[in-house]
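When a residue number appears, it is its place in the shown sequence, counting from 1. We count ligands from 1, going down the list as the structure has it; atoms in each ligand are counted the same way.
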Amino acid sequence: MSQKVRVRFAPSPTGNMHIGGLRTALFNWLFARHASGTFLIRIEDTDKERSEEKYVQALLDALAWVGIESDEKIIFQSQRQDAYHAVLNKLVTEKKAYRCFCTAEDLEKRIRATGNTEEHYGYDGFCRDLPINHDEQRFFGVRFRIPSELASIEVTDLIRGTVIFERNQLDDFIIFRSDGTPMYNFAVVVDDHYSAITHIIRGEEHLSNTPKQILLYQACGFSVPHFAHIPMILAPDGSKLSKRHGATDVLAYKKQGYLPDALINYIVRLGWSNGDQEIFTKNQMIAQFTLEGVGKKAAIFDVQKLDWMNGVYIREKNAEHLYDLIQQTEMATIFMLQSSGYTKQQLLDAIRLYQPRVKNLVELVHEIMKLWQEPTEYNQEDVKKWITPESAVLFTKACQLLEGCEPFDLSTVTLILKSLCEQESVKFPTLAQPIRIALTGGTTSPGVFEMLVLLGKEKSVMRLKALQVQINF
Ligand code: GLU
C-alpha cells in the first residue's frame, strides 16, 4: 500500500517571501492536495543572526494571502534542540560522526603545507580518528563521517531522474556548529524524519545538499524520502531574477493590486504545465497537478504575462469582491478619501466601468480617481479633431437636454443622446467624443452614458459647460 503523502515547505525567516519561495510552497501544497495528503510549514530559524521574527510573520502573511496554510502546527527549528542533540549523540556514539576542533585557518594552513591545494576538496579528515576525551574544554563542531567504502551516491530525483555524485564531491561535512546549533543538512533530516515527510519538493539550488542528506538518513537508520528539485526561475534575459525585472517580494504584488488567484495561477505555470491551458481555478490546479508536469528547464518570469493574467482575473470578478481587494492595496486610504463624495453603489459602478480596462487594482483606482477629478486641461489633438462647428451645435443641444433629463439614469440618458444624433443625422461619435473630452480631458475612456450617469447630472453638466467656456465653442 502506498504511503500517505506528507510534504513540507521549509522557509528560513531571513527575508520576505519571494516568487521562488511561493512557487515551492505552491507546488508542495498542490502535490499534497492532489494526493489528499498533508502539507506542513516548518520555519528554519536555526541561524540566529539572520533569522527575524518579522520575517516569520511576513512569510506566513504572504502564504495566507494566497490561501496556503499549514495542515498541522507550524514547526520551529529553534524549538527542537533536544531532538537534534539526541540524534547527534547517537551518531557520535556510533562513530558515524566525530568532534572536530579545526578552525578554518588550521585547515587552510595544513592544505597549503601539502603544496597540493588543487587536489584538496573540503575537509582533510584531521580529527576523524581522535580519541574522545569527555573532559574536553575546547569548543568543537561535529562532522559527519562519510562511510569509507562509499564510491558514489545516487540521487533519484522525480523531476531530473538519476543524478550521481562522486565520492570526491563530498567531504566530512559539519553537522553541528561549535556554538551548539545544528547545520541545515542535519536539522532538515532530523525534522523531515520526525514529521514523516514522504516527498521533499524544493528548489534546484538544494540538489547538491541531497547526497549529504541521503547519507545522513542512512546513518540515522531513517527511511529516505522521495526528492523532487524544481528548476530555477530566471528573468527573460536569462539572468537571475532580481528587482529590476519587477518585484520579487510576494506581498509587494498584493500592495500593487494583483489578485491572489491570478498570482497563483501565474506562478503555477512557472515550470509546470498541462497541455496549453493557461487559466486554472484552484480546484483545477489541484486536480491536475503532478510532478510529471514539471519540466527540467528553467522557468522564465515574465511580468507582462502576469499583468495579462491579472487582467483576466479582474474582469471575471464581481465589483463587490474587487472593492474588498482594493482595501488591501497601497491605494486603499487615498481611494476612500477621494471617493468620500460618492456612495458605495457609485464606487461599485465605477469599478464595473473600469475593470475591463486595467491590469491591476492600483491602475483601477487611478482610473476611477481620475474620473472623480474635473479635467484641468484638455488633450489638444482630441480637441482639434473633434470640436468642430457641427459638433458645437450638437453639444449645446445635448447640454440642454441633459440638464432637463429626469430621471438621470442609464436608459434615459442613452435614449436622449441617441435620439438627438438621429434627429440631427450625425454619427454618434460626433457628439460622444466632445462629451468624453469634457468629462475626462481626452477621448480614451469607457462608455459615455455610463460615465455621465456615474458622475450624476450636476457634475456632468458642469464639466460640459466648463469645456464650452474654456475653449469657447
Ligand atoms: N530552509 C531552506 C530554504 O529556505 C529549505 C530547504 C529545504 O526545503 O530543504 O531554502
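In terms of polar-atom proximity, defined here as any N/O pair under 3.5 Å, Glu205 makes no such contact with ligand 1.
For atom 10 (O) of ligand 1, the closest heavy atom belonging to the protein is His206 NE2, 2.7 Å. The closest protein non-hydrogen atom to atom 5 (C) of ligand 1 is Ala10 O, 3.1 Å. Looking only at heavy atoms of the protein, atom 1 (N) of ligand 1 is closest to Glu44 OE1, 2.6 Å.
Heavy atoms only, all atoms of each residue included: Ala64 and Glu69 are closest at CB-OE2, 4.0 Å. Of all the heavy atoms in Pro236 and Phe301, the pair that sits closest is CD-O, 3.2 Å.
Ligand 1 has Tyr184 within reach: a non-hydrogen atom of the residue lies less than 4.0 Å from it. Ligand 1 is approached by Arg8 to a heavy-atom distance shorter than 4.0 Å.
Which parts of ligand 1 touch Ser12 is read off a 4.0 Å heavy-atom cut-off, strictly below it: atoms 1 (N), 2 (C), 3 (C), 4 (O). In the vicinity of Arg202, heavy-atom distances shorter than 4.0 Å reach the ligand 1 atoms 7 (C), 8 (O), 9 (O).
Salt bridge absent: Glu367 and Arg357 never bring a charged side-chain N and a carboxylate O closer than 4.0 Å. No salt bridge links Glu363 with Lys370; every basic N to acidic carboxylate O contact stays at or beyond 4.0 Å.
No more than 12 heavy atoms of other residues, nucleotides or ligands sit less than 6.0 Å from atom NZ of Lys359.
For the 3.5 Å distance criterion, the side chains of Tyr266 and Asn310 fail to qualify, holding no donor opposite an acceptor.
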